[in-house]
Amino acid sequence: MSPLTRTGIAEPLLMPGPDSPWSRVRQSMAWHGHVVVHANWRDWLPAAVADPQLRPLLGARDWQRLNNLQDPEARDRFAASRLLVKYTAGAALQTPPETVELASKAGGRPYLRGCDQIEVSLSHTRDLLVVGLNRRGRVGVDTELADRRIQYSAVQRHLCTPAERRWLGALDEAEQQRRLVRTWTLKEAYTKALGQGMRMGFTQFGFDAEATTLLTPQGEPASHGEWAFATFELEGGYLVGVACHDTGLRDEGDTAVSTMLDEGFLGEVVDLVGRVQH
């Protein structure tokens with residue numbers, strides 16, 4: 001089981017392929033209500049290319065999207081990302097990955113069709129794939145290169161609130177750069193969790209200097225503990241930001257497919273998979 005950080009968010013789990021220890025996903029979902037996994041998409045590539053069941057694993061919609069992609073690397077990364085999502089969600093739901101269907105809401109926010117109780121978010125940068133699931137509320141993940149260069153003077157008015165500019169402006173250049181990338185990543189994660197993405201202005205909300213507390217533009221608390229935030233540095237020089245919401249509603253911690261997924265919908269999916277395979 002992944003340990004909780006002091007912010008209340010579980011450490012991201014490395015899942016290097018279909019044979020990964022998926023019980024860790026189930027444990028994290030049961031104990032913490034959420035899970036974040038990451039992988040190098042190239043590690044998943046052999047499985048994606050060699051698996052004769054790739055088409056039913058992807059499903060009709062994603063299979064068509066895959067075949068519409070012209071760039072070979074884009075195709076491979078897309079296939080690997082969808083497999084990572086399906087295996088992760090399948091582990092959480094205790095169901096085969098081919099029965100999981102990933103769809104998009106208006107604006108591009110992903111969801112698991114027929115299983116609205118679990119929220120999903122995904123992100124990628126270069127070789128890194130990140131997937132977040134949450135059964136207690138919304139979730140957003142974003143990843144950037146930790147050493148990404150962002151010119152503070154050029155973005156401060158568009159990225160930072162007045163309160164953030166006060167503490168960022170007092171830092172030396174190296175620390176300012178590090179904190180700025182971390183803040184950017186977390187803002188991306190939060191707006192993705194809300195389903196807004198870049199449509200929501202980054203100056204409409206802010207974070208404290210530790211990047212753990214949501215604040216108003218003036219620097220006052222903007223939540224009552226229902227949101228948790230954390231950033232993680234992964235091998236390869238990647239930074240991952242996670243925004244995790246807790247509605248406060250009690251649950252039994254049961255994410256088995258028989259509980260979380262509509263029974264009629266599951267039957268339709270299983271029947272469809274059977275027809276495709278035969």
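Just so we're clear, the structure is a prediction, and the values are computed from it rather than from any experiment.
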Legend entry - Main-chain N/O of P97 paired with K86 side-chain donor or acceptor, under 3.5 Å: no
Legend entry - Check against side chain to side chain contact (heavy atoms under 4.5 Å, CB included), H38 and L14: CA-CA 5 Å; H38 65 97; L14 175 62; 3.6 Å; yes
Inset, instruction - Run through T99, I118, T88 and flag the one making a side-chain contact (heavy atoms from CB on, under 4.5 Å) with L93. - result: I118
Inset, instruction - With sequence neighbours excluded, tell me which residues meet side-chain hydrogen bond (donor to acceptor under 3.5 Å, both in side chains) with R138. - result: none
Legend entry - Point-to-point distance, once rounded to the nearest 0.5 Å, from CG of N67 to CZ of F78: 10.0 Å
Legend entry - All side-chain contact (heavy atoms from CB on, under 4.5 Å) counterparts of P110, not counting sequence neighbours: L102, V120, L122
Inset, instruction - With the side chain counted from C-beta on, respond yes when F207 and L214 share a heavy-atom pair under 4.5 Å apart, and no when they do not. - result: yes
Inset, instruction - Would you please name every residue forming a ring pair (Phe, Tyr, Trp, His ring centres under 6.0 Å) with H124, sequence neighbours left out? - result: none
Inset, instruction - For the residue pair L159 and Y152, establish whether any side-chain heavy-atom pair is separated by less than 4.5 Å. - result: no
Legend entry - Set of side-chain hydrogen bond (donor to acceptor under 3.5 Å, both in side chains) partners for R65, sequence neighbours left out: none
Legend entry - Residues which pass side-chain hydrogen bond (donor to acceptor under 3.5 Å, both in side chains) with Q151, listed by chain and number, not counting sequence neighbours: S153
Inset, instruction - For residues D147 and V181, determine if any side-chain heavy atom of one lies less than 4.5 Å from a side-chain heavy atom of the other. - result: no
Legend entry - Least distance between heavy atoms, A228 atom then I9 atom: O-CD1, 3.4 Å
Inset, instruction - I would like to know whether S123 and E188 meet side chain to side chain contact (heavy atoms under 4.5 Å, CB included); could you show each step before the answer? - result: CA-CA 10 Å; S123 181; E188 291 272 13; over 6 Å; no
Legend entry - Side chains of T183 and F202 in contact at under 4.5 Å (non-hydrogen atoms): no
Inset, instruction - Sequence neighbours left out, what passes side-chain hydrogen bond (donor to acceptor under 3.5 Å, both in side chains) with N40? Give chain and number order. - result: none
Identify all side-chain donor-acceptor contacts of residues 230-240 below 3.5 Å with residues at least two apart in sequence or on another chain.
{"from": "Y238", "atom 1": "OH", "to": "D127", "atom 2": "N", "distance (Å)": "3.4"}

Can I get a per-line list of side-chain donor-acceptor pairs under 3.5 Å for residues 170-180, giving both atom names and the distance, sequence neighbours left out?
{"from": "D172", "atom 1": "OD1", "to": "A174", "atom 2": "N", "distance (Å)": "3.2"}
{"from": "D172", "atom 1": "OD1", "to": "E175", "atom 2": "N", "distance (Å)": "2.9"}
{"from": "E175", "atom 1": "OE1", "to": "R178", "atom 2": "NE", "distance (Å)": "3.2"}
{"from": "E175", "atom 1": "OE2", "to": "R178", "atom 2": "NH2", "distance (Å)": "2.8"}
{"from": "E175", "atom 1": "OE2", "to": "R179", "atom 2": "NE", "distance (Å)": "2.7"}
{"from": "E175", "atom 1": "OE2", "to": "R179", "atom 2": "NH2", "distance (Å)": "3.2"}
{"from": "Q176", "atom 1": "NE2", "to": "L168", "atom 2": "O", "distance (Å)": "3.1"}
{"from": "Q177", "atom 1": "NE2", "to": "R148", "atom 2": "O", "distance (Å)": "2.6"}
{"from": "R179", "atom 1": "NH1", "to": "A209", "atom 2": "O", "distance (Å)": "2.9"}

Legend entry - Side-chain touch D208/L215, heavy atoms, less than 4.5 angstrom: yes
Legend entry - Side chain to side chain, R165 and R157, heavy atoms closer than 4.5 Å: yes
Inset, instruction - Would you kindly confirm whether Y111 and V36 end up in one hydrophobic cluster when ILVMFWY residues are joined by side chain heavy atoms under 4.5 Å apart? - result: no
Legend entry - Cluster overlap L45 with V131, hydrophobic side-chain contacts below 4.5 Å: yes
Legend entry - Partners passing side-chain contact (heavy atoms from CB on, under 4.5 Å) against A39 (at least two apart in sequence or in another chain): W44, L84
Inset, instruction - With side chain to side chain contact (heavy atoms under 4.5 Å, CB included) as the test, would you mind laying out the steps for M15 and Y87 before giving the verdict? - result: CA-CA 10 Å; M15 295 291 159; Y87 272 86; over 6 Å; no
Inset, instruction - May I ask you to decide if the ring planes of W227 and H245 are parallel, tilted or perpendicular, using 30° and 60° as cut-offs? - result: tilted
Inset, instruction - Could I get the full list of salt bridge (charged side-chain N to carboxylate O under 4.0 Å, His left out) partners for R61, not counting sequence neighbours? - result: E101
Legend entry - With sequence neighbours excluded, residues passing side-chain contact (heavy atoms from CB on, under 4.5 Å) with E73: W41, R42, D71, R77
Legend entry - Results of side-chain contact (heavy atoms from CB on, under 4.5 Å) for T161 - residues two or more places apart only: A163, E164, K187, P217
